Amino acid sequence: MICGVDVKMIIVSAILILSFFNLSIFASIESDSHWNQQLVEESYKSLDFKEKITLHKTLMLVLERQSIKTRYEQRKIEVYTSYNSTYFLDTLFEQAQASLGDETVACHFGGWMTLVENSKCVPPWKRSVRDSSKLDRFGGKYTKSCGGPSLFRCNPVVFGPGEDGDGICTSTDDSDPNLATTSCIEDFKKNPNAIREHIEKLIEDPELLSQYLAVTVESLRSCEVQSDPFSYCEELGELMQRSSQQASLCADVDNLVSFLPDVLTPFNLDEIDEITNGLGTRAKEYMETLEERQLLALNNNRNTIGRAIEAAQRDQRLIDTITRVRNNTTKCIRDMCSGTKSATKSIAYCAAYVKHAIFPYNSEKGRRFANFSEYPWGSDAVESGPWLEEQGFVNIMDYPSMANMTPENAPNGAIIVYEKINSRQNVTIDGRRYGGPGHIEIKASENEYISDFINDEPTRIGGLRRPIGIYFKIPREFRDQIEEIPER
Amino acid sequence: MKLLKLTHFLALTLMLISSCQSYGSNLNGTYIEKLKKVTQVQGNGSNKLYTLIRESSVELEKDWSPELAKELARVFNELLNVNQNFFLVELIGPVVNSRKKEFMPILNKALSKENKKHYEEMIKTSERESREGNG
């Protein structure tokens, strides 16, 4: 022993340090260097856990000296040298995470489920993880930083709200899944009431509990698939499994079953069943019934809207509006142009011509939807939605059962509203921004889309106009028959 | 070793650059080929043709090619022969706005005398719509 460090350690450290600085060479040259890496790996594998810790710390002390040259962050070095972990070495040999190659498995990182990239756990604060929809079922994402280096926010779903309500802030290396998770567990357990209080919260909140269950089974799976599991696996697995069982036993089962479908996958059903005593299967059955109810409501709404549109098409007011707008395409209404005009040439007053057909002068023939006195002055095409709705028109695109409707397949009589793409003018309608001034037209027949001119196809202008509304006047009696699509 | 790594790096960079170049020229070639097939515009044109013109214009904005510019200008002239709706100027907006110096002489050469007048009127109407709205 020299200064508390074994000679064997120093030799292995020397090889390791040498290999560390030549790691990129190992990656590109396979011949003689490969043998050296193998030797180092074998030596490392032969050590027991305590020896690995000592080696780790020795290596870190050597690297600390190198930090002056390499500007390696001092705070990170301190974390590495003070924790009982072999993360640095494990990363060096890519052993601990090497088996996390299955794309269906997420990785546990301080309470958060994260992505696995190149067989490594990606830190949950990274953009790729925060933007990943694959991880939505595990609850919120890591969006609130603890505001300092070497500070990590533990997931409140697993470790409770902490002091500020957003999750415990723990001092650790925030890029190390092993250190971060171990540190979260330690801090969580510091409060003797924490586990009990968190279980009570899970019992009260079925959505939170379903997310907790999803994290629990996924964490157990990610630990199972590793040939050399993270050191936190045993303690975390025990903690989460016990809490899951207790909470699901006391929770309102009907409520929980209605939230569980949000987290169920073909891969976790059996595990959730095991932890919750069969609630996974009940949730699956609930989901199947819910889907049947949703389908029934969608079909009913589709039929109701279909009948409403047929009634609207027979409405004399719509027939007269179409006649007016068609006739006006050859006229210069309200001095918008001079003389006569070509029916196929727009004069950039589409909204004015459609509005005029709907709000005609009192002297004009035909039945009307509204009086000229109500004419919505100044409103551009893209802004037509609000005044159309005031007159009892309904945007068919808002109904989930009619989500496939397009200007091309819309029934005759539809009033189609478009926004302009790449526009410098933006208008906000119901909190959403659209490109102005847009376009509006009435589908008069299969190949007749009319505004201030007649187009033989929808005026999409090669993708520069995007449909945002397809309107029909739907009478109240039909609207009352439209059912809410059940969500739970 | 350093030399070997440097060689690898250079080889990769060269491969990346050459692949990007061939991708760019391939796209130009595809649009030229498609535009060449348009000898006469049927009816008032169609959304399919408008999309081709718009995409070619966007491609020219990113990767200038005199040959593609000539084809685009020729087809746009064909379109104006049958359709003088003001909003069609938006289709060539990207290349007109970002490559004005290079593209306008080509467009002016391709447009017939009558279509040149139409084009100017269309621009004015388009500007008026942006300024005053269409309601």
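Reminder, nothing fancy here: chain letters follow the sequence lines and each chain counts from 1. Note that this is a predicted model, so its numbers are computed, not measured. Values reported hereafter were calculated over all heavy atoms of this structure, with side chains retained and with hydrogens, waters and symmetry mates removed.
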Visitor: Taking the side chain from B:N134 and the backbone from A:G438, do they hold a donor-acceptor pair closer than 3.5 Å?
Guide: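 Side chain of B:N134 to backbone of A:G438, a donor-acceptor pair under 3.5 Å: yes, one is there.
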Visitor: Hey, mind stepping through A:S346 and B:M122 against side chain to side chain contact (heavy atoms under 4.5 Å, CB included) and telling me if it holds?
Guide: CA-CA 10 Å; A:S346 170; B:M122 288 157 75; over 6 Å; no
Visitor: Checking the side chain of B:N47 only, and the main-chain atoms of A:G462 only, is there a donor and an acceptor separated by less than 3.5 Å?
Guide: yes
Visitor: What residue, out of B:I53, B:L49, B:T51, has the most heavy-atom pairs lying under 4.5 Å from chain A?
Guide: B:T51
Visitor: Can you find a pair of side-chain heavy atoms, one from B:N85 and one from A:F453, that are under 4.5 Å apart?
Guide: yes
Visitor: Between A:S384, A:G378, A:A381, which residue shows the highest count of heavy-atom pairs closer than 4.5 Å to chain B?
Guide: A:A381
Visitor: Look at B:R128, B:E55, B:K48 and state which one has the largest set of heavy-atom pairs under 4.5 Å with chain A.
Guide: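 If we count pairs closer than 4.5 Å to chain A, B:R128 comes out on top.
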Visitor: Would you sort out whether B:F87 and A:R465 count as a side chain to side chain contact (heavy atoms under 4.5 Å, CB included), showing the intermediate values?
Guide: CA-CA 10 Å; B:F87 45 76; A:R465 299 291 181 275; 4.2 Å; yes
Visitor: Under 6.0 Å from the CD atom of A:Q391, do we count more than 12 heavy atoms belonging to anything else shown?
Guide: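 Enclosed.
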Visitor: When heavy-atom pairs shorter than 4.5 Å are enumerated against chain A, which of B:S46, B:G45, B:G93 gives the highest number?
Guide: B:S46
Visitor: Is there a donor-acceptor pair closer than 3.5 Å between any side-chain N or O of B:E129 and the backbone N or O of A:P437?
Guide: no
Visitor: Kindly compute the distance separating CD (A:E457) from OH (B:Y50), expressed to the nearest 0.5 Å.
Guide: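 It is 6.0 Å, given to the nearest 0.5 Å.
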Visitor: For residues A:S423 and B:E90, determine if any side-chain heavy atom of one lies less than 4.5 Å from a side-chain heavy atom of the other.
Guide: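 The answer is no; the side chains never approach within 4.5 Å.
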Visitor: Quick one: of A:N422, A:D456, A:I347, who has the most non-hydrogen atom pairs under 4.5 Å with chain B?
Guide: A:I347
Visitor: Tell me whether the count of non-hydrogen atoms from other residues, nucleotides or ligands lying under 6.0 Å of CG in A:N409 goes above 12.
Guide: yes
Visitor: Around atom CD of B:E67, are there more than 12 heavy atoms of other residues, nucleotides or ligands at under 6.0 Å?
Guide: no
Visitor: Between B:L91 and A:I461, what is the shortest heavy-atom contact and its length?
Guide: CD2-O, 3.8 Å
Visitor: Contact between A:Y349 and B:E132 at the side-chain level, heavy atoms closer than 4.5 Å - yes or no?
Guide: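 Yes - at least one pair of side-chain heavy atoms lies under 4.5 Å apart.
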Visitor: How long is the span from the CG atom in B:N83 to the OG1 atom in A:T344, to the nearest 0.5 Å?
Guide: 7.0 Å
Visitor: Could you look at A:K345 and say if it's the side chain, the backbone, both or neither that has a heavy atom under 4.5 Å from chain B?
Guide: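 Answer is both: backbone and side chain atoms of A:K345 are under 4.5 Å from chain B.
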Visitor: Name the region of B:S126, side chain, backbone, both or neither, that has any atom closer than 4.5 Å to a heavy atom of chain A.
Guide: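 Answer is neither: B:S126 stays 4.5 Å or more from chain A.
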Visitor: Just wondering, more than 12 heavy atoms not from B:R131 lying within 6.0 Å of its CZ?
Guide: yes
Visitor: What part of A:R424 gets within 4.5 angstrom of chain B, counting heavy atoms only: side chain, backbone, both, or neither?
Guide: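 Interface part for A:R424: neither.
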Visitor: How far apart are the closest heavy atoms of A:K355 and B:G135, and which atoms are they?
Guide: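 Heavy atoms only, the tightest pair is NZ-O, 3.2 Å.
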Visitor: Check whether A:S379 gets within reach of chain B through its side chain, its backbone, both or neither, counting any heavy atom under 4.5 Å.
Guide: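 Only the backbone of A:S379 comes within 4.5 Å of chain B.
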Visitor: What's the shortest heavy-atom distance between B:T125 and A:A348, and which atoms?
Guide: CG2-CB, 3.7 Å
Visitor: Which pair of non-hydrogen atoms, one from B:S130 and one from A:Q425, has the smallest distance, and what is that distance?
Guide: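 Taking B:S130 first and A:Q425 second, the nearest heavy atoms are O-NE2, 2.6 Å.
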Visitor: B:G133 and A:D380: which non-hydrogen atoms are nearest, and at how many Å?
Guide: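 So the two residues come closest at CA-OD1, 3.2 Å.
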